[in-house]
There are 4 protein chains.
Amino acid sequence: MSAPARPRGRPKREDRAQAQRERILDAARRCFVEQGFHAASMAHIAETAGMSAGLIYRYFDSKNAIILAIIASQLEERRERIDSLRDIDQLGERVLELFHAWRHGDDSGMNAALFLEMSAEATRDAQIAAALAASDDEGSRQFTEWMRREATHRGLQPDDTELQARRLILQCFIEGLALRAVRQPGLDPAFIDAAIRRLLPRVFDYAG
Amino acid sequence: MSAPARPRGRPKREDRAQAQRERILDAARRCFVEQGFHAASMAHIAETAGMSAGLIYRYFDSKNAIILAIIASQLEERRERIDSLRDIDQLGERVLELFHAWRHGDDSGMNAALFLEMSAEATRDAQIAAALAASDDEGSRQFTEWMRREATHRGLQPDDTELQARRLILQCFIEGLALRAVRQPGLDPAFIDAAIRRLLPRVFDYAG
Amino acid sequence: MSAPARPRGRPKREDRAQAQRERILDAARRCFVEQGFHAASMAHIAETAGMSAGLIYRYFDSKNAIILAIIASQLEERRERIDSLRDIDQLGERVLELFHAWRHGDDSGMNAALFLEMSAEATRDAQIAAALAASDDEGSRQFTEWMRREATHRGLQPDDTELQARRLILQCFIEGLALRAVRQPGLDPAFIDAAIRRLLPRVFDYAG
Amino acid sequence: MSAPARPRGRPKREDRAQAQRERILDAARRCFVEQGFHAASMAHIAETAGMSAGLIYRYFDSKNAIILAIIASQLEERRERIDSLRDIDQLGERVLELFHAWRHGDDSGMNAALFLEMSAEATRDAQIAAALAASDDEGSRQFTEWMRREATHRGLQPDDTELQARRLILQCFIEGLALRAVRQPGLDPAFIDAAIRRLLPRVFDYAG
DNA sequence: AATGAATGAGCCTTCATTCAT
DNA sequence: TATGAATGAAGGCTCATTCAT
């Protein structure tokens, strides 16, 4: 009864450590975005985080551990993003928002270049590959569930094959937007909006 | 008979130099695919190319110059790919072929991880960004032209806005497949084929 | 009854400090044996001692001070070992016991590798060199005295030159056993026992 | 026929590489003697060798490889020392010479502190332990053979147990001298000579 | 008295690049 | 043209030591 409480008094130790970890992750994200995983040095990350290089190693075992932590945090965000997805009308907005976040980065450090690089890195790092695969699996399941609920809500009963095809199309389209965000930073969002409005009704079989 | 008949009396000098450059680029492509831009060392590239590290610098100013040259060569390939695109029925096949090449690599060293990494690199390197942007522009124009010809051939006259939306959707979908190739190397091609067969008719407004 | 009766009213302060010092020295000995002087980290010593790294510095000025203290404590042990040496028949047993202690370590942390390492360190550290030299001097004197008593007891009167030669031979043999303990950890003690039984009578001129 | 010759012309490549390796080993030996294995930095070794730190890695895989190479070279020397051992009268001289070399170092870098430290290191490094064990085995065999020849020459036929005991006594004595060389650098060689003259006849059962 | 967060110097190693041959 | 030895600048990481709490 008294254990999980401790709201008052002193959060201290644990909390501070967590704050430091966040500080490091924030700095690392910024550096990775600017320079890439390999080009960003621990010294630069430390400087960005406003601490000594050695101190980072009290909170992370290695540079690779930082990369993995960043990946984990981004996966967490994606989970929340899908979780909070309401009806189908909101989907388009959300995709557009994602494009914005990818281009400019948001508070959470979501960024398209980082997304691409970590994906490429999966080819060479088994830990990263495993983390991404696990996350993709969960994300797919989550999104498929959402699609099913949506369809039911509209009185439809699409079979699983159908749903999986829709999911793959959407997933590729959205992830393809990450590439656009990176390679065509000046791309007009209105243009993307138009494409979304054209694509979604056709994918979900309803009159746009 | 004796080779493609080099214009007589012509400087064989330049040919040799060009051959050396190709040899280096081939080796570099292979190394970059295996290890990534930054992790691949000049020594390893030289070894793969069967020459000394120093010699590479007679043909390329720096490691970065090699990266740029590889990007340029890949753009060239894309041009050819679009150029040789025939009717709309072929489009699906081609996309599937591309997915295969991305996953397993083909002779030309086309590879999804490399594609992602070079895209991410554009964020940090102006030269790369410019090269990619120029190529994307050309590719878009090329593909739009192809779509227009196709439509005309089928007795339609889609307006430009329409065509651009279609192009963006397709581009994102295809480039998104690069991410799938990298993050989900075990993905069944038949599944992708199904998605393509579902997507294309809807994008191009014809009965699949 | 209540412990060895600490002089009444005396500062228990100093006792506690002494206890802490011992705790640290014990831990350090263990770590040095396992990893060597330089490879053993203060953090590891602290952990082994069950205290924080910072606290060690309240009791020792530096890592080097710990090393010196350990050396001093081992010299003290040697003094006791020679002091308690009875007749010549016991000498062989004692040497064998020493070999065992060197190989497996005993409570006091006596260990051959540590012995060798501290000897080598004397080459580079004047303080260590001085401490070892002083101790060796005392040990030699002590042992020579013991030999003289022994001889007298058996009705002999060996001259000093004679005694010094014997001492040097024995000292080298015994210290050489430290090297064997380290380089040949599987060496059969019975074999060493045989060598001892052969050597001692010849060195001390009596019928084994 | 022509292969192994190549005395004239250009030794070049191979020879230069070997010379560089020697240069590095010499420098490393000096540094290790001065500062110990762990305390000696690659930078310092490089400086002593008159080259850049990076270059060392063209000739040795790691710092540890240098240590192993030094050990190997010292073992080689020992082999030659035993090989060239003639009659028993020479043995005493040789032991004394060894003591000198240990104290002052000779061309080959033989040095007692280094000998002790590498022995201690065997406790923690399996590769070193294996190298030393193999060498000790060979050395013992070699020396036992020499003793047998010697005995035969003098018309004796000691059994193997006998020879092994003698060998162990001598080995310990000699290796113990290494400790003396380190801990008592001012020790008078005449004194050691006396001990040797007293020990050898007793160990080999002849009238000194 | 005790903690452990924090620092900064230094370590081993790698690598793009240059240059004498 | 071609080699590969050589360099020097980092890079990731460790650790003795200090200090605020």
Side-chain angles (χ1 to χ4, degrees), chain A residues 10 12-13 16-17 19-20 35 38-47 49-66, chain B residues 13 16-17 19-20 38-47 49-67, chain C residues 13 16-17 19-20 37-47 49-67, chain D residues 10 12-13 16-17 19-20 35 38-46 49-66:
Chain A
R10 70 197 114 113
K12 282 286 160 68
R13 193 72 33 97
R16 167 134 184 88
Q20 290 284 63
Q35 322 186 331
H38 292 94
S41 77
M42 290 298 279
H44 190 232
I45 294 173
E47 194 188 19
M51 63 178 67
S52 72
L55 187 53
I56 292 184
Y57 288 85
R58 178 175 289 276
Y59 300 101
F60 292 94
D61 282 344
S62 65
K63 192 182 180 185
N64 222 54
I66 296 180
Chain B
R13 267 303 169 63
R16 166 131 180 88
Q20 290 283 61
H38 291 94
S41 74
M42 291 296 278
H44 190 230
I45 294 172
E47 192 191 21
M51 63 176 67
S52 72
L55 188 53
I56 291 184
Y57 285 83
R58 182 170 289 276
Y59 300 101
F60 291 94
D61 282 346
S62 67
K63 192 183 179 184
N64 220 54
I66 296 180
I67 295 176
Chain C
R13 268 305 167 63
R16 165 133 180 87
Q20 290 283 60
F37 282 157
H38 291 93
S41 75
M42 291 296 279
H44 190 230
I45 294 172
E47 193 190 20
M51 63 176 65
S52 73
L55 189 52
I56 291 184
Y57 285 83
R58 183 171 290 275
Y59 299 101
F60 292 94
D61 282 346
S62 66
K63 193 183 179 183
N64 221 54
I66 296 180
I67 295 176
Chain D
R10 69 195 113 113
K12 281 283 161 68
R13 194 70 34 97
R16 167 136 183 89
Q20 289 284 62
Q35 322 185 333
H38 292 94
S41 76
M42 289 299 278
H44 190 234
I45 294 173
M51 62 178 67
S52 72
L55 187 53
I56 292 183
Y57 287 84
R58 178 176 288 277
Y59 300 101
F60 291 95
D61 282 344
S62 65
K63 192 182 180 183
N64 222 53
I66 296 180

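Throughout, a chain's letter reflects where its sequence line sits, starting with A, and its residues are numbered from 1.
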Spacing of [X] atom [atom1] relative to [N] atom [atom2], expressed in whole Å:
X      : N       : atom1 : atom2 : value
F60(C) : dT18(F) : CZ    : C1'   : 18 Å
Y57(A) : dA5(E)  : OH    : P     : 18 Å
R58(C) : dC19(F) : CZ    : C1'   : 12 Å
N64(D) : dC12(E) : CG    : P     : 11 Å
I56(A) : dC15(F) : CD1   : P     : 17 Å
Q35(A) : dG12(F) : CD    : P     : 10 Å
I45(D) : dG10(E) : CD1   : C1'   : 15 Å
E47(B) : dG4(F)  : CD    : P     : 12 Å

Please write out the pairs of protein N or O atoms and N or O atoms of nucleotides 8-11 of chain F separated by less than 3.5 Å, giving the distance to one decimal.
none

So if I take every side-chain heavy atom of R16(C) and compare against dA2(E), dC12(E), dA2(F), which nucleotide ends up nearest?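 So the nucleotide nearest the side chain must be dA2(E).
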Each base of DNA chain E marked ( ) or [ ] if paired in-strand (Watson-Crick or G-U under 3.5 Å), | if paired to another strand and . if unpaired gives .||||||||||||||||||||
query = Taking for each residue the nucleotide of DNA chain F bearing the nearest heavy atom, is the 5' side occupied by D61(A) or by G50(D)?
reply =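 Mapping each residue to its closest nucleotide by heavy atoms, the 5'-most match is G50(D).
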Looking at dA6(E), I'd like to know if its phosphate oxygens (OP1 or OP2) sit under 4.0 Å from a side-chain N or O belonging to Y59(A). yes
Between the CZ atom in F60(A) and the CD1 atom in I45(A), the distance rounded to the nearest 0.5 Å is 10.0 Å
